[in-house]
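Bear in mind the structure is a predicted one, so any value in this text is a computation, not a measurement.
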Amino acid sequence: MSGSSPTLRLWQTADVFGALSSATASSSSFSWTGLLVVAVVVAVVYPVQKRLRAHLSQQRRARWAQLEERNKNDLPETDQPADGGPR
């Protein structure tokens, strides 16, 4: 009996097979709970992000308009060289 491999009884491997099947089932199966969590996060985060982007865009446009008005007031009426050089 020197060439035979050790024999495992079914009751010795039951825990291993049970753990193996539960580990593979939980990692590869679809989770409705996970999908629900993702849907709730998207439903909350997307509108907040959209509102924030709109608000920041409005502030940026107002700031640009103020800078444009300030620059317009600071520039001379005509855009010609002061020394009378070529046009």
Side-chain angles (χ1 to χ4, degrees):
M1 203 160 166
S2 63
S4 67
S5 62
T7 305
L8 288 176
R9 304 283 182 234
L10 184 57
W11 58 270
Q12 292 173 318
T13 59
D15 289 335
V16 173
F17 287 134
L20 205 70
S21 64
S22 66
T24 56
S26 65
S27 66
S28 64
S29 67
F30 179 78
S31 171
W32 285 102
T33 306
L35 180 64
L36 181 64
V37 168
V38 170
V40 168
V41 167
V42 168
V44 170
V45 169
Y46 180 71
V48 170
Q49 178 260 352
K50 191 174 179 181
R51 196 174 316 133
L52 179 64
R53 284 187 65 185
H55 178 71
L56 293 175
S57 180
Q58 183 182 10
Q59 282 183 339
R60 185 174 53 248
R61 286 190 202 112
R63 187 178 68 243
W64 287 350
Q66 287 175 351
L67 289 173
E68 186 73 27
E69 188 65 33
R70 191 179 312 148
N71 288 340
K72 198 182 287 186
N73 291 337
D74 290 346
L75 292 177
E77 291 287 328
T78 59
D79 195 17
Q80 296 181 10
D83 61 358
R87 294 182 186 201

Check your understanding: side chain to side chain contact (heavy atoms under 4.5 Å, CB included) between Arg60 and Trp64: does it pass, once the steps are laid out?
Key -> CA-CA 6 Å; Arg60 185 174 53 248; Trp64 287 350; 3.4 Å; yes
Review point. Under the side chain to side chain contact (heavy atoms under 4.5 Å, CB included) test, which residues partner Leu35, sequence neighbours left out?
Key: Phe30, Trp32
Point to revise | Distance, nearest 0.5 Å, that separates CZ of Arg51 from CG of Leu56 | key: 12.5 Å
Review point. Side chain to side chain contact (heavy atoms under 4.5 Å, CB included) with Gln49: which residues, sequence neighbours excluded?
Key: Tyr46, Arg53
Exercise for review: Only counting residues at least two apart or in another chain, list the ones meeting side chain to side chain donor-acceptor pair (under 3.5 Å) with Gln59.
Suggested key: His55
Review point. NZ of Lys50 to CG of Leu52: how many Å apart, nearest 0.5 Å?
Key: 13.5 Å
Check your understanding: Who are the side chain to side chain contact (heavy atoms under 4.5 Å, CB included) partners of Gln66, not counting sequence neighbours?
Key -> none
Point to revise | Arg61: partners by side chain to side chain contact (heavy atoms under 4.5 Å, CB included), with sequence neighbours left out | key: Ser57
